[in-house]
Amino acid sequence: MGHHGGAARHRHRRLPHPGLWCAPVHRGLPDPVVHRHGRRRPRRARDLFPLRPRSPREGTRLTSAPLPPRFEPGAIERRWQEAWDQAELGRAPDRPPTPAFTVVLPPPNVTGDLHLGHFLGNTVTDLLVRRSRMSGVPTLWLPGIDHAGLSTQVAVRAHLAKQGIRLEDMSRDQVLAQVEGWKRDHERRILAALRAGGFSLDWSRYRYTMDPAYERATRRAFVALHKAGLVYRGERFVNWDPVLQTAVSDLEVEHSEEPTSLLYLRYPWADGSPGGLLVATVRPETIFGDVAVAVHPDDARHAAAVDRKVRVPLVDREVPVITDPGVDPTFGNGALKITPRHDLLDYEIFQRHPGLPMPPDVIDADGRLASDWVPEQFRGQDREEARKWVTEALRSGGFVDHETPYIHAVGRSERSNAVIEPRLSTQWFVRMAPLTPAVVEAVRSGEVRLYPARWELSFYRWMEKVQDWCISRQVVWGHPIPVYYCPACRHETAAEEPPAKCPECGHAPLTPDPDVLDTWFSSWLWPFATLGWPEDSPDLAHYFPTNLLETGRDIMFFWVARMMMASYYFLGRPPFRDVSFTGILRDLEGRKLSKHLGNSPDPVELLHERGADALRFALLFPSPVDQDGVFGLATLDNARNFLTKVWNLVRFAQAYLPEGVDAPDRAPILTEDSPLENRWILARWRRTVDEFEQALAGYEVTRAVGLLHSFIWYDLADRYVEVSKEALSGHRGEPLRRETQAVLLFTLERTLRLLHPIVPHVTEELWHAIPHRGTLLALAPWPRSNEAPDDPEAIVAMEVVYDAIRTLRSLRAGNRLAPSSSPPAWVRPSGEETAEVLRAQKALVLQQARVGALDFLEAGAPPPAGTAPSVTVHGEFFLALPTETTPAERRALERERAKLSGLLAKTEQRLADTGFRDRAPPEVLKAAEEKAQDLAERVRRIDEHLAADTPTGTG
RNA sequence: GGGCUCGUAGUCCAGCGGUGAAGACGUCGCUCUCACACAGCGAAGAUCGCCGGUUCGAAUCCGGCCGAGCCCA
């Protein structure tokens, strides 16, 4: 494997690492269900209403054996991953017949391993990608990795240091060999992790930022920008990392506030007059590079000092006192020493005063004092160390007037944590200003949308003040800068291929630029370079612009913004339509999950312990994707419990579905006689699909997953299954049994399809355990809500029924009735509609509330004796009690009364308010009036019950 | 210094102008009822950070304060 040498020849059309994860690849699809334990399926039936008889040609699979009682993810996940590979599930067509849905994977850095954040982003993407694929849209999710130049070299450097080897002591080739080895190792681990997560990537299009074609694209971009004058070389202030000895970009510097000491130094007057000028500094070690002392022109305190000369302490060099508006008069004493090579502000002031001499670097590339401007005894000392020694010397020389504690803004290199040394040096830069307008306009016009949209503000703000981007790095690992210098005429040539001789003077050979490019200079081409740019490739035509970028907002500026710049510049089009920012995962203490803090579990380990599906579900379910989310082990337990629930739901269905059932092609046609629960579950399913889709359209993944979760658990499992058991057992007649089987199968099968993009493995397994059509769930058509009928009345009616059931159950539990007892109950419905529903669904109430009878009371009829009452929105319920009303029950009634009369008072108060009557919309007014009536009625009834006091006997 | 986000039951969070403030974990009862105790049923638990304003009406909008976090200099 090693390098992707093939990349240059044709586009990759092979699994990148055969043998990497697929032990022997199985030839066909795996046998779906070959479980050994479990009960034998009961019953047989044929001619199922309204299913058609099974026809053998249609690939319908039968339940071959019951599922084991417990869900064990390990073997199942491996099996289906192999099946998907075998089917080349992720592979996008070369010539998609219809517009495609494209996502590029943010390429993980070969620096390290995947962390949970990657898994979160990938799970969200896989959800959308699988859904798109099932919807019949040609779908491409393109994987790849990033060489991550500087950070990988730093990682390898640290790794070698542990063995006592200094990277700096190795030759360039040795370093490259080391880094290559590291890359191969991590690439293997990253790819194995991606696969274990069940992510349906198109491995045939796998890319690497250093494969030859990609390198060529990077060179093309550089040369084109160079030609356009947007890439230039110049001596500028850069952020210098003295440990890694390279320049880094502004974004790679992390700012923090650190305590230090502010020294007030007395610079003696050059003419020998007593006293001197007080100059405050936190960096006394740079004193040797001073060329002036500056004060603000309006600063009256120092007016007399202007144009005089002072002596730099310790070296006695004479420097002028100058004025410059850039001086902050509130800092220290208002006098600033000017060290042009070691501070950006000083440099700017220096440039406005042409008479000043340019000093040498008094701090060299590795952060040590150097140059003949530095007294011999300090040369070679490290900055930190030198600060102490110089301070000491200043003190003993009597130059320190006083010192104060000071909070200093310090920039540290993201990679080495070394304090950044601002340094004047010759580097390559990208001119950003010409690249930003198209990008800002894209977001403003909505051509590119950010989710959540509130990040747009930070986006604009950054764009407005973006500085030129330093892209040269003085390291080994990376894309060489494609510039060649002529030793003879000094001409510099930027070219995609090394020129044989100097195009100016014909001299040969030329000297290549020794530096490499910032990693992001290749990453910013990712969405189109992976599709074949700069070639006019078919993939670019079919799959670009991409539809979605799912990434962390920590790289919004590093990557997202820059990709947009590159894409608009090179292709004149956006790189993607939607950008969805994944939240940041936190632990229970609210800390960011990070390797550094040691609070970040290894996702691969979790995955092996708990299964990919559980991990995926845990990441999506309680973790707001657009906010930051909390991740803990409780979350994983939750996920496991849910998956077990689904598992058992299918086991239940298996047990009640007869042999020989065909897959549900469409929803069963219900009739006038169909029971409420069948109408209801289909209507609920339909509504769930609608809401699910709506949530996903706005990338509200958490909400979408939550909707499905509660539908499955509370509607399907808790209610429908419980209610339909009677019918499924055949106790309500054969036609109803067949209809209920059909409804159950349809709902379950379609729900597994909906759930599949979230937890693909277990749903694939379960789908194969029930009648279905097709070879893989992953390839089954995406459900449409209108497959099931809309039936709002059924939904309302079921709420009424469950209110009754809940009320009666509560009375049972509150009065400690034996579970086996089934006392009679009465209801006085609050209205005719409720009465009608309850009358029609009486059997359902009896069964679910376990009451022996439910009789309806007339409006004026006295409450039955010996009963416990409860009053709800839908009516008064009475449950016969074996004994008299308990004090506990009386207390419950009193509490209910207090609550209701409180509400009533509030509502009446509102109604009495003329402002409310005049200004509130009529429907709100009406609702309030009805509510007041209802509350008053219920309070009155409770009062009746309380007044009746002791029941007269047993019902 | 500039900007952004978040403070809702013991914990995590939903709701973002009119619903008796949703759910999950945890807690407390009762059930090992023939898919599931990784479960079911029932119950308790919240002055929606504090102060003021706008409005007929505020958890929801505005201002201030207090607390937590993030980003940019």
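The basis for the numbers below is simple: all heavy atoms, side chains too, and nothing from hydrogens, waters or symmetry mates. In what follows, chains are A, B, ... by sequence order, proteins preceding strands, each numbered from 1.
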Quick one: list whatever passes ring pair (Phe, Tyr, Trp, His ring centres under 6.0 Å) with F877(A), sequence neighbours left out. none

For F558(A), which residues count as a ring pair (Phe, Tyr, Trp, His ring centres under 6.0 Å) partner, sequence neighbours excluded? W520(A)

Identify which nucleotide among [options] has an atom closest to any side-chain atom of [X], counting heavy atoms from C-beta outward.
X: N638(A); options: rG18(B), rC25(B), rA35(B); answer: rC25(B)
X: F557(A); options: rA35(B), rG18(B), rC71(B); answer: rC71(B)
X: K899(A); options: rA35(B), rC72(B), rG20(B); answer: rG20(B)

Which whole number of Å gives the distance between the [atom1] atom of [N] and that of [M]?
N: rG15(B); M: rU8(B); atom1: C1'; answer: 10 Å
N: rA24(B); M: rG40(B); atom1: P; answer: 10 Å
N: rC6(B); M: rG17(B); atom1: P; answer: 14 Å
N: rC65(B); M: rG1(B); atom1: P; answer: 13 Å
N: rU27(B); M: rC66(B); atom1: C1'; answer: 31 Å
N: rU47(B); M: rG2(B); atom1: C1'; answer: 36 Å
N: rC13(B); M: rC25(B); atom1: P; answer: 16 Å
N: rG63(B); M: rA58(B); atom1: C1'; answer: 15 Å

Summary of protein contacts for nucleotides 40-47 of chain B, nucleotide by nucleotide, where a base hit scores B, a sugar-phosphate-only hit scores S (4.0 Å, heavy atoms): SSSSS---

Quick one: list whatever passes side-chain hydrogen bond (donor to acceptor under 3.5 Å, both in side chains) with [X], sequence neighbours left out.
X: E252(A); value: S249(A), R473(A)
X: R562(A); value: none
X: E749(A); value: R753(A), W767(A)
X: R236(A); value: Y232(A)

Could you give all pairs that pass the salt bridge (charged side-chain N to carboxylate O under 4.0 Å, His left out) test and reach residues 923-934 of chain A, with sequence neighbours left out? R917(A)-E929(A), K926(A)-E930(A), D934(A)-R938(A)

Integer-rounded Å distance: [N] [atom2] and [X] [atom1]:
X: F581(A); N: rC71(B); atom1: CZ; atom2: C1'; value: 12 Å
X: L903(A); N: rG20(B); atom1: CG; atom2: C1'; value: 5 Å
X: R553(A); N: rG69(B); atom1: CZ; atom2: C1'; value: 10 Å
X: D250(A); N: rA73(B); atom1: CG; atom2: P; value: 7 Å
X: L345(A); N: rG1(B); atom1: CG; atom2: P; value: 19 Å
X: H255(A); N: rC72(B); atom1: NE2; atom2: P; value: 8 Å
X: Y656(A); N: rC36(B); atom1: OH; atom2: C1'; value: 13 Å
X: L708(A); N: rG23(B); atom1: CG; atom2: P; value: 19 Å

Please write out the pairs of protein N or O atoms and N or O atoms of nucleotides 2-4 of chain B separated by less than 3.5 Å, giving the distance to one decimal.
none

For L251(A) and L649(A), take the nucleotide of RNA chain B holding the closest heavy atom to each; which residue's nucleotide lies nearer the 5' end? L649(A)

Please determine if [X] and [Y] form a salt bridge, counting it only when a charged side-chain N lies under 4.0 Å from a carboxylate O.
X: R283(A); Y: E421(A); result: yes
X: E77(A); Y: R616(A); result: no
X: R719(A); Y: E799(A); result: yes

With sugar-phosphate meaning primed atoms plus P, OP1 and OP2, does [X] contact a base, only sugar-phosphate, or nothing at under 4.0 Å between heavy atoms?
X: V721(A); answer: base
X: A717(A); answer: base
X: D913(A); answer: sugar-phosphate
X: L900(A); answer: base
X: R719(A); answer: nothing

H874(A): what forms a side-chain contact (heavy atoms from CB on, under 4.5 Å) with it, not counting sequence neighbours? V800(A), D803(A), T834(A), T872(A)

Shortest non-hydrogen contact from P823(A) toward L817(A): CG-CD1, 3.6 Å

Summary of side chain to side chain donor-acceptor pair (under 3.5 Å) pairs that have at least one residue in residues 897-911 of chain A, sequence neighbours excluded: R897(A)-D943(A)

Could you tell me if the side chain of F711(A) sits less than 4.5 Å from the side chain of R687(A), heavy atoms only? no

Which dot-bracket string describes RNA chain B (Watson-Crick N1-N3 plus N6-O4 or O6-N4, or G-U N1-O2 and O6-N3, all under 3.5 Å; [ ] crossing; | other strand)? (((((((..(((.....[....))).(((((.......))))).....(((((..]....)))))))))))).

Does a side-chain N or O from N641(A) land closer than 4.0 Å to OP1 or OP2 of rA39(B), or not? yes

